[in-house]
Structure formats: C-alpha cells, structure tokens
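Taking it in order: structure first as structure tokens, then the write-up.
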Amino acid sequence: MSKQGFTTRQVHADRLLNTPEHGGVHTSTSNSVLFEFSDAQGIIDAFQGKRAAHVYSRSSSPSVAALQNMLNDLEGGLGALCFSTGMSAISSTLFSLLKAGDHLIVSQYLFGNTRSFFDTLADYGVQITFADVTDIQNVKEAYLPNTKGVYTETVANPVTQVADLRAIGQYCEERNILFMVDNTMTPPPLFYAKELKASLIFCSLTKYISGHGNVLGGAVIDTGLFNWKGFGNIKSAYQVADEAQWGLTQIKKKGLRDLGATLAPQSATAIALGMETLSLRLARACENSQKLAMFLDNHPKVKHVFYPGLASHPQHFMAREQLKRGYGAILSFTLVDDIDPVQFLNALELVICATHLGDNRTLALPVAPTIYFENTAEEREAMGVSDTMIRISVGIEDTDDLINDFTNAFDRKYAAE
Ligand SMILES: *Cc1c(COP(=O)(O)O)cnc(C)c1O
C-alpha cells in the first residue's frame with residue numbers, strides 16, 4: 001500500500017489491513033470481553049504467548065486491534081497499542097518501562113497534564129531534568145549516566161515552541177537512549193516522527209486523529225528503531241522471541257494489562273471513522289491557522305502572535321524544515337494591555353470558549369488561569385506562558401467566517417479603552 005497517496009490509504013486502510021467480516025469496509029464493533037477456546041491447549045498456548053489470540057479484552061480485542069493496525073500503518077511502525085486516553089498511553093507506557101533511579105530528559109514545554117504526570121513520576125523516584133528542547137545543546141548538557149531517554153512534543157502548546165527533533169533524534173541514536181515523541185499536535189501527513197528517529201510515538205487520539213470531539217483515546221507506536229537489548233529494564237520474562245518486540249510486550253503486559261486503561265471497542269470504532277478524513281481536516285485547519293495568524297499579526301489590538309508559520313517565530317526555519325505540510329493548527333496570541341482577554345473571549349460568537357484542541361470547530365481559551373492554574377508564576381514563565389495569553393485551536397470552518405468573528409470581537413468597545 002505504501003506507494004499510494006496518504007488520503008487513498010487512509011480511506012482504504014480498514015478494509016485492506018483488517019479484512020472486515022462479510023466484505024464490510026469497516027471493522028465492526030466487537031463487544032465480547034471473553035473469547036472461547038474450543039481446545040483447552042489453545043488457551044494454555046495463548047497465555048504462554050505461544051499463540052496469538054484474544055483472551056480477555058482488557059489486553060486485546062478485535063476492534064481495538066484493527067485500530068492499532070491502522071495507527072501503526074499511519075506512523076510506519078513495528079506495532080501499536082491503544083489506551084483509553086492520551087494520558088493513559090503516556091503514563092502506562094512510562095510506568096511500565098522506567099524504574100526508580102532512572103533519569104529522563106523532558107521538554108520544559110509540555111501539555112499541562114503531561115507535565116503534571118512527570119512530577120508524579122519524580123515522586124516515584126524517576127529523576128527528571130526539564131530542558132529547553134529547541135536547542136540540542138541543552139539536551140546534551142542534561143545527559144547523565146543513568147539517562148534512559150528524552151521525551152518531547154513536536155510543536156508545544158500553547159506557545160508553539162518547536163523541538164529540534166532532528167538533532168535530538170540523532171543524539172538519542174548515538175547514546176542508544178529512548179527518543180519519545182508526543183506527535184499529537186502534528187500527526188501524519190504533517191510530520192513523521194520515525195523519519196527523525198523517534199523510538200516511541202505517543203498520540204492522543206482524542207485530538208486530530210478522531211477530530212470530532214466525541215471520543216477519548218490514546219496510543220503508543222513502537223517505530224522499531226530502538227535497540228531494546230541495551231535498555232536494561234526489560235524483564236527476563238519478556239526477553240523472549242524477537243527482541244524488536246520486547247518493548248511492546250512489556251508495555252502491553254505491565255502497562256495495558258496491569259494498569260488496565262483499555263480503550264473501549266465502541267471508542268475504537270468512532271476513532272477509526274474519524275481517521276478517514278484526517279489529511280483533509282488537517283490541511284484545512286492548517287490553512288485556516290496560517291491565515292488567522294497573519295490576520296492577528298497585522299491587527300493593531302494584538303501584541304504578539306505565536307505560530308510557527310510566521311516568519312517572526314523563533315523556530316520558523318526549523319519548523320519549515322521538519323513539518324512538510326503545514327505548521328499545525330494551534331496558535332496563541334496576546335492582546336494589547338488595555339483589552340481584558342476575558343471580555344474579548346466573551347465577544348467571540350462563532351468561536352467556542354472551551355478547552356480541548358484538534359476539533360473541527362475553532363476553540364479559544366485563556367491558558368494561564370485554566371490549564372496552567374496549578375503551576376507557579378515561575379513555572380509558567382519557564383514555559384513561556386504569559387498571564388493574558390489566549391490559545392486558539394483552529395477548526396475547519398470557512399476562513400472568512402472565522403476572520404469576521406475576530407474582526408467583530410476586536411471592533412467592540414472595551415471598558416479600559
Ligand atoms: C490532549 C493531549 C494529551 C492527552 O490526551 P487525552 O486524550 O486528553 O488524555 C497528551 N499530549 C498532548 C500534546 C495533548 O494535546
């Protein structure tokens with residue numbers, strides 16, 4: 001299938017990868033929690049890993065397996081595992097691969113809940129160094145003998161810092177440490193993390209992949225590039241058969257089976273349906289974002305716009321080199337001092353005031369008093385989050401309607417003006 005274009009593949013993936021029953025073009029939703037074995041030796045072999053079979057749906061089931069195949073194909077990986085949310089994909093994977101005494105280098109520009117989770121991981125004895133990943137030098141300086149890996153997002157939210165993924169990938173390969181990339185913000189075909197040597201790709205399926213704001217899910221994809229033999233934390237029970245599978249086996253047993261944040265089969269079906277239009281939705285959202293960013297950048301009532309597609313963005317050049325088909329659909333901005341961001345948000349009519357991102361609808365949020373409310377002022381400053389910043393997750397509406405909504409909101413008279 002790899003010769004065909006992205007959009008062709010995404011609409012035929014389920015049919016071709018999973019050969020649904022009765023010639024259907026979709027894998028059906030399979031509700032069974034348990035699976036019958038006509039011969040008792042069969043269930044023994046399945047438990048002992050000598051035979052691939054669904055046994056109990058906390059660990060695997062047909063609809064979830066079909067979605068895993070599609071996600072793995074999307075990222076060009078060795079295998080994928082789904083979880084109930086993006087957060088559980090991240091937390092279950094890290095809990096299953098790390099031990100107290102290990103060290104991780106982590107981007108200081110992270111989705112707020114992921115950042116909060118790393119603080120929890122530190123409480124369990126994993127040493128964390130937060131670093132500015134826009135410059136490889138900071139990553140190199142953070143390296144310690146017990147460093148197990150580097151964790152970063154592609155384009156950070158809300159300030160849109162772009163990680164130097166090419167240099168970090170190269171460095172992780174040289175050190176033989178895990179390169180973990182959360183690709184939620186720039187899923188294929190915008191960016192292929194495997195091309196820049198990612199070992200594990202995380203994705204919140206809740207965002208662009210499903211796209212419609214009606215289902216939660218998460219995934220981890222093993223690209224097959226990492227040498228698990230030198231990792232040191234794979235339990236002997238999972239050091240069996242093909243060593244390329246060691247990582248996924250441990251994540252599946254310790255992360256998915258034992259922690260139990262399983263994706264529901266109904267959710268897998270909804271996510272697979274959303275995925276069929278991923279490239280079309282992303283193209284439109286990126287186009288709207290570029291136009292809206294330029295409109296805001298030129299507006300006298302806007303102080304600053306953060307969007308990698310603007311030439312003024314500090315990592316614009318790196319973004320242009322790394323992101324092939326658009327700069328993503330998150331942008332943030334600050335208003336001139338005499339406009340209250342809360343009043344401004346209330347003046348938007350089409351744009352929805354809501355958290356969440358990667359939705360078909362355009363959403364706006366004041367970030368400092370919401371997502372980053374639990375952080376100290378110093379922590380917010382290190383992340384580049386200012387008190388009055390507004391984050392926009394740009395949707396797929398007609399561009400003119402979005403620009404009109406912002407124009408009308410700017411044209412309102414504000415108390416302080
Ligand atoms: C939303 C998000 C997550 C968490 O995903 P959920 O599905 O909401 O749990 C993780 N990383 C990034 C970059 C996100 O935007």
Task: Proximity of Y171 and F179 rings by center, below 6.0 Å - done: no
Open item on the list: If only side-chain N and O atoms count, and only distance matters, is there a donor-acceptor pair under 3.5 Å linking S88 with S91?
Closed with: no
Open item on the list: For the backbone of P308 and the side chain of H316, can you confirm whether one donor and one acceptor N or O come within less than 3.5 Å of each other?
Closed with: yes
- [ ] Report the residue from T27, T29, D14 that forms a side-chain hydrogen bond (donor to acceptor under 3.5 Å, both in side chains) with T269.
- [x] T29
Open item on the list: Are more than 12 heavy atoms, taken from residues, nucleotides or ligands other than F6, located less than 6.0 Å from that residue's CZ atom?
Closed with: yes
Open item on the list: Tell me whether D398 is salt-bridged to R284, with the criterion being a basic N under 4.0 Å from an acidic carboxylate O.
Closed with: yes
Open item on the list: Checking the side chain of D102 only, and the main-chain atoms of L98 only, is there a donor and an acceptor separated by less than 3.5 Å?
Closed with: no
TODO: May I ask you to decide if the ring planes of F344 and F406 are parallel, tilted or perpendicular, using 30° and 60° as cut-offs?
DONE: tilted
Open item on the list: Exactly one of H103, Q108, E141 should register a side-chain hydrogen bond (donor to acceptor under 3.5 Å, both in side chains) with T129. Which one does?
Closed with: H103
Task: I251 and its side-chain contact (heavy atoms from CB on, under 4.5 Å) partner, picked from L256, L97, L94 - done: L97
Open item on the list: Out of the candidates P158, S332, S386, only one should pair with V367 under the side-chain contact (heavy atoms from CB on, under 4.5 Å) rule; please name it.
Closed with: P158
Open item on the list: I'd like to know if K253 and D258 make a salt bridge, using a cut-off of under 4.0 Å between side-chain N and carboxylate O.
Closed with: no
Task: Heavy-atom donor-acceptor pair, S267 side chain to L263 backbone, under 3.5 Å - done: no
Open item on the list: I want to know whether Y151 and F118 have ring centres closer than 6.0 Å.
Closed with: yes
Task: Heavy-atom donor-acceptor pair, E153 side chain to F111 backbone, under 3.5 Å - done: yes
